[in-house]
Protein chains: 2
Amino acid sequence: MQLDNVFGALSDATRRAIVMRLCDGEASVGELAKPFEMALPSLMKHIRILESSGLVASEKTGRVRMCSLQTEALATVEVWLAAQREIWEQRLDRLEMYVERLKKREKSNARKRKSK
Amino acid sequence: MQLDNVFGALSDATRRAIVMRLCDGEASVGELAKPFEMALPSLMKHIRILESSGLVASEKTGRVRMCSLQTEALATVEVWLAAQREIWEQRLDRLEMYVERLKKREKSNARKRKSK
DNA sequence: TTATTAGTTAGCCGTCTGGCTAACTGTTGT
DNA sequence: ACAACAGTTAGCCAGACGGCTAACTAATAA
């Protein structure tokens, strides 16, 4: 599933930092690497993972590879989360309605008891 | 970081299914296990991971453990995603404005050239 | 043309995942 | 008292992850 890889890619702080950086525009591998105290090959692994999740795309021209954010992948996650939220909010609404009904019945029962 | 664990927890289809199930209300471990062709201990591991990410809470009464969704954890993820979205949308806006300015300058230059 | 730069490939390491079985604990129904 | 039920613990396994170094390729600058 696509979601597996996107969530998986975002489960690492280094990769989230890369995504955040790319929100501000394209960057080369070197630029992306600068903020991290990490050997290049390690960082490249992260980039590969981001690419295979669909969150990042890259193209090499000459000897430099430029990376860019693929926002559709992020949107996929947002959609999934929104769907879950909708479901549990609907459930909470039903619950609330149920409680309201209970309260009303409580009152009317109280009145009946008094008037009896 | 909390986000590491939440994203990590959601990177598995089984665990996402559990989360979806819990959107519809509490459930015991046994109920959660039913839809899956998986040994109980395997499923329990998933539940542990969901718990340590903060997505799920559980309490044991008697011999049955009830699990419930902790929606704040899901909200954390939504907040993070929304923040990223805001950043790159602002950037796209700036880009668009820039392109608009270019177009206008283009036009005025064209007029100047004609009138010369 | 030679050095420098930018990235890549290969391979090593310890840890975490995601599944399993087998055996155990504690609770509840008969 | 005992059987059945609901979960738990322990331990095994293969494979992925996140880091490293060393050595390599290809493009560009001097």
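Below, chains carry the letters A, B, ... as their sequence lines are ordered, and counting in each starts from 1.
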Criterion side chain to side chain contact (heavy atoms under 4.5 Å, CB included) against Arg15(B), the qualifying member of Leu55(B), Ile49(B), Val56(B):
Ile49(B)
Hey, does the side chain of Arg15(B) come within less than 4.0 Å of dT17(C)'s phosphate (OP1/OP2), counting only N and O?
no
Provide, to the nearest angstrom, the distance between the CE atom belonging to Met38(A) and the P atom belonging to dT21(D).
12 Å
Expressed as a whole number of angstroms, how long is the span from Arg63(B):CZ to dG29(C):C1'?
8 Å
Within the structure, does a side-chain N or O atom of His46(B) lie under 4.0 Å from either OP1 or OP2 of dG19(C)?
yes
Between P on dG18(D) and CD1 on Ile49(A), what's the gap in Å once rounded to a whole number?
5 Å
Within the structure provided, determine whether Val29(A) and Val64(A) are in side-chain contact (heavy-atom separation under 4.5 Å).
no
Rounded interatomic separation in angstrom, taking CG from Leu40(A) and C1' from dT9(C)
13 Å
Nearest whole angstrom, please: distance from the P of dA16(D) to the CZ of Arg48(A).
18 Å
Look at the side-chain N and O atoms of Ser42(A) and state whether any lies under 4.0 Å from the OP1 or OP2 oxygen of dG18(D).
no
Kindly say whether, by distance alone, the side chain of Lys45(A) makes a donor-acceptor pair under 3.5 Å with the base of dG19(D)?
yes
Do any side-chain nitrogens or oxygens of Arg65(A) fall under 4.0 Å of OP1 or OP2 in dT8(C)?
yes
Grab the CZ-P distance between Phe36(B) and dG18(C) for me, whole Å please.
13 Å
Heavy-atom side-chain contact between Glu51(A) and Ile47(A) under 4.5 Å:
yes
Check the distance between dC16(C)'s P and Asp12(B)'s CG and give it to me in whole angstrom.
18 Å
Given that Met66(B) and Glu37(A) both sit by DNA chain D, which one's nearest nucleotide is further toward the 5' end?
Met66(B)
In whole angstroms, the gap separating P of dA16(D) from CZ of Phe7(A) amounts to 22 Å
Under the salt bridge (Lys or Arg N to Asp or Glu O under 4.0 Å) test, which residues partner Glu89(B), sequence neighbours left out?
Arg85(B)
Quick one: does Leu69(B)'s side chain get under 4.5 Å of Leu74(B)'s, heavy atoms only?
yes
